[in-house]
Trainee: 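Sending over a structure as structure tokens; questions will come in a sec.
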There are 2 protein chains.
Amino acid sequence: MTTPPVRPGPETRNRILDAAEELFVEHGLDATSMRMITTKAGVNLAAVNYHFGSKGSLIQEVFQRRLTDLNRARLAALDALERQAGGVPLKPSKVVEGFFGPALEMACDTEHGGRTFMQLLGRTYTEPNAFVRQFLAEEYAEVLDRFLGALYRSLPGVPHEEILWRFHFMMGATSYAIAGTDALQLFAGKFDDADPSRLMPRLMSFLLGGLRAPLADNGHGRQAKGGPKAA
Amino acid sequence: MTTPPVRPGPETRNRILDAAEELFVEHGLDATSMRMITTKAGVNLAAVNYHFGSKGSLIQEVFQRRLTDLNRARLAALDALERQAGGVPLKPSKVVEGFFGPALEMACDTEHGGRTFMQLLGRTYTEPNAFVRQFLAEEYAEVLDRFLGALYRSLPGVPHEEILWRFHFMMGATSYAIAGTDALQLFAGKFDDADPSRLMPRLMSFLLGGLRAPLADNGHGRQAKGGPKAA
DNA sequence: GTAGAATTCAAACAAACGTTTGAATGAATG
DNA sequence: CATTCATTCAAACGTTTGTTTGAATTCTAC
């Protein structure tokens, strides 16, 4: 009824990946057992080890199949921006949009599991699991370098270290906005409007406000950019 | 050598709590076993169940013993601010400092485990464990209501919903700043200066910039506050 | 239609989990 | 000294964990 019996054949892999993704969001990586996954996917217990080798490899694959696309989209967005800018530094707002835009778009996709995955991803930046952290760091290395470089050029005169911190802050705000909206009961009953599509402009405005806030006093009150400006 | 043998007596409870706190940060709640905790604490395996009843109750106690103090400090800060303001609405920067200041102060305390705990707490806002979430929500209910109320009054004309969102964003940025600084290897080798005491002004400036950013267009470009202003 | 490879299956594996037990130990009270 | 209470201890409890096995099944191709 609910899940199609088992019929096809090579569909098993994807059923496992989808089931694992949802369960990881709901219960966490460690608290999700193989038996929970295979039951939800409607496949035999041994299927995970047959198709993926181990639980660790399954976790890696769950992240990889979406993260590769996400980061490709990010790099493509940055490429397009830099191409049409033709040498002149990008506006900070454009760089920020290029990085967080694709993430938020994926977070809005409730049809194909994009939203589910982004909730998982957001929570995973603080995962203690060393294996997952290592893997995430590798997957993000290039994207991070590219976008930080673009941000450095777009904010000349601002110490790179300050930009790095603010990028860190922006990632935090975004991850929580996505991962915590319905995960955390802290604000339970307080949000009238948790529509993820309305999240985008709200968050973007906040991020840019934070990015361009006056720098904390290192002796003189230098600003991160000329004047405040809408997103 | 490393851990004093077992000598005293009623010290056992605290040794367990301290060991658990560190291990929860390092490996997460689920991946930390009773045996890891009791081994690190240098006590017998049965001691946890004897003193706390169950692993769940131990987790609760690990959070409670610090969180109660933290939220008491927050409420005290708000009380003091409102008393000396005498009726007039507080400046948003003061409200924000009252909430996030005590958290950052605790995060700077490397001597008595405050830093360790704040890393744990930051990561726990997205904990999938239903029991932990429920407990956190209860522990935060009063503080959240008081500070949101103060923030509403300090930003008249701004829709409460927008303030709620931005508070959510601010909590996200802060949690990541604390939990992710050395937990996440994403920015590994990029931070020259991860000194937590310098984090405070940096983060506060970012938060206030985000809080006071122009509101996303709901039809008209209303600002959250008059002009930009340093923290 | 039969050979052969790929996949699924029920069953079992050892290891680790949180928890419980009942005896041994310690310090305090009479 | 004897008694009592709280605490510690080694050992075992029954489950659940991830993984493996070898036979059954399904699919592919000649």
Side-chain angles (χ1 to χ4, degrees), chain A residues 2-63 127-132 134-135, chain B residues 2-63 127-132 134-135:
Chain A
T2 54
T3 49
V6 176
R7 310 315 311 292
E11 195 61 19
T12 305
R13 265 186 69 101
N14 289 331
R15 314 229 342 221
I16 292 174
L17 287 169
D18 291 339
E21 193 174 63
E22 285 187 37
L23 288 168
F24 287 158
V25 171
E26 196 173 347
H27 303 101
L29 264 39
D30 286 311
T32 301
S33 71
M34 300 287 237
R35 285 161 179 84
M36 291 163 73
I37 296 171
T38 52
T39 299
K40 175 156 190 148
V43 303
N44 186 271
L45 169 60
V48 173
N49 289 286
Y50 177 79
H51 285 280
F52 299 93
S54 69
K55 185 183 180 182
S57 301
L58 168 63
I59 293 175
Q60 177 159 344
E61 198 104 356
V62 165
F63 281 92
E127 252 287 328
N129 184 320
F131 178 71
V132 175
Q134 160 82 14
F135 162 71
Chain B
T2 54
T3 49
V6 178
R7 309 314 312 291
E11 195 60 21
T12 304
R13 264 187 70 100
N14 289 331
R15 314 237 332 231
I16 292 174
L17 286 169
D18 291 340
E21 193 173 64
E22 286 187 37
L23 287 168
F24 286 159
V25 172
E26 197 174 345
H27 302 101
L29 264 39
D30 286 312
T32 301
S33 71
M34 299 288 230
R35 287 161 178 85
M36 291 165 71
I37 296 171
T38 51
T39 299
K40 174 158 191 145
V43 303
N44 187 271
L45 169 61
V48 173
N49 289 287
Y50 176 79
H51 285 279
F52 299 93
S54 69
K55 185 182 179 182
S57 301
L58 168 63
I59 293 175
Q60 177 159 344
E61 198 104 356
V62 165
F63 280 94
E127 252 288 326
N129 184 319
F131 178 71
V132 175
Q134 160 82 15
F135 161 71

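In what follows, every heavy atom counts, from backbone to side chain, and hydrogens, waters and symmetry copies are set aside. Here is how names work: the chains are called A, B, and so on, in the same order as the sequence lines, proteins then strands, and each is numbered from 1.
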Trainee: Atom CZ of B:R35 to atom P of D:dC13: distance rounded to whole Å?
Mentor: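 That distance rounds to 14 Å.
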
Trainee: Using a 3.5 Å limit on both pairing distances, list the dot-bracket string of DNA chain D from the 5' end; Watson-Crick and G-U wobble pairs count, crossing pairs take [ ], interstrand pairs take |.
Mentor: |||||||||||||||||.|||||||||.||

Trainee: Is the shortest heavy-atom distance from the side chain of A:I16 to the side chain of A:T38 under 4.5 Å?
Mentor: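 Result no, sub-4.5 Å side-chain heavy-atom pair not found.
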
Trainee: When the distance from CZ of A:F52 to P of C:dT8 is rounded to whole Å, what number comes out?
Mentor: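 The answer, rounded to whole Å, is 11 Å.
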
Trainee: Could you tell me how far apart B:E11 (CD) and D:dT8 (C1') are, to the nearest whole angstrom?
Mentor: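 My rounded result for the distance is 16 Å.
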
Trainee: If I take atom CG from residue B:L45 and atom CE from residue B:M36, how far apart are they, to the nearest 0.5 angstrom?
Mentor: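 Here the interatomic distance stands at 13.5 Å.
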
Trainee: Would you say a side-chain N or O of B:S33 is under 4.0 Å from OP1 or OP2 of C:dC17?
Mentor: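 It does, given that an N or O in the side chain of B:S33 lies less than 4.0 Å from OP1 or OP2 of C:dC17.
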
Trainee: Within the pair A:N44 and C:dA10, is there a side-chain N or O less than 4.0 Å away from OP1 or OP2?
Mentor: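 For A:N44, the contact criterion (side-chain N or O under 4.0 Å from OP1 or OP2 of C:dA10) is met.
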
Trainee: Okay, side chain of A:S57, backbone of A:G53: is any donor-acceptor separation there less than 3.5 Å?
Mentor: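 No; zero donor-acceptor contacts below 3.5 Å.
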
Trainee: Does any N or O in the side chain of B:K40 come within less than 3.5 Å of the main-chain N or O of B:E22, such that one atom is a donor and the other an acceptor?
Mentor: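 No; judged by distance alone, with no hydrogens or angles, the pair does not exist.
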
Trainee: Which nucleotide in the list C:dT20, C:dG18, D:dT19 gets nearest to the side chain of A:N49?
Mentor: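 Nearest to the side chain of A:N49 among the choices is D:dT19.
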
Trainee: If I take atom CG in residue A:L29 and atom C1' in nucleotide D:dG18, what distance separates them, rounded to the nearest angstrom?
Mentor: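 So the CG-C1' distance, A:L29 to D:dG18, works out to 14 Å.
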
Trainee: Figure out the NZ/P separation between B:K55 and C:dG18, and round it to whole Å.
Mentor: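 Interatomic distance, NZ of B:K55 to P of C:dG18: 4 Å.
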
Trainee: Is there a side-chain contact between A:T12 and the phosphate of C:dT8, meaning an N or O under 4.0 Å from OP1 or OP2?
Mentor: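 For C:dT8, OP1/OP2 do have a side-chain N/O of A:T12 under 4.0 Å.
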
Trainee: To the nearest Å, give me how far apart CD1 (A:I37) and C1' (D:dT17) are.
Mentor: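 After rounding, the reported distance stands at 12 Å.
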
Trainee: A:G56 or B:Y50: which one's nearest nucleotide on DNA chain D is closer to the 5' end?
Mentor: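 Its nearest nucleotide being more 5', the pick is B:Y50.
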
Trainee: Are A:L17 and A:L58 side-chain neighbours, meaning at least one heavy-atom pair lies under 4.5 Å?
Mentor: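 Side chain of A:L17 against side chain of A:L58, heavy atoms only: contact under 4.5 Å found.
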
Trainee: What nucleic acid atoms does B:T32 come within less than 4.0 Å of, heavy atoms only: base, sugar-phosphate, or nothing?
Mentor: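 The residue B:T32 makes sugar-phosphate contact but no base contact.
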
Trainee: Please report, rounded to the nearest Å, how far the C1' atom of C:dA6 is from the CZ atom of A:R13.
Mentor: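 To the nearest whole Å, that distance equals 14 Å.
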
Trainee: Among the nucleotides D:dT7, C:dT19, C:dA11, which one has an atom lying closest to any side-chain atom of B:L45?
Mentor: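 Minimum distance to the B:L45 side chain belongs to C:dT19.
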
Trainee: List the atom of B:S54, the atom of B:N49, and the distance in Å for their closest heavy-atom pair.
Mentor: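 B:S54 and B:N49 have their closest heavy atoms at CA-OD1, 3.8 Å.
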
Trainee: Check the phosphate of D:dA6 against B:H51, side-chain N and O only, distance under 4.0 Å to OP1 or OP2. Yes or no?
Mentor: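 Checking B:H51 against D:dA6: no side-chain N or O falls below 4.0 Å of OP1 or OP2.
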
Trainee: What is the distance from atom CD1 of B:I37 to atom CG of B:L23, rounded to the nearest 0.5 Å?
Mentor: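 Output value for this atom pair is 6.5 Å.
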
Trainee: Would you mind classifying the nucleic acid contact of A:A46 as base, sugar-phosphate or nothing, using non-hydrogen atoms under 4.0 angstrom?
Mentor: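 Base, at least one base heavy atom under 4.0 Å.
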
Trainee: Give the rounded distance in Å between these two atoms: CE of A:M34 and P of C:dA15.
Mentor: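 Value for this atom pair: 18 Å.
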
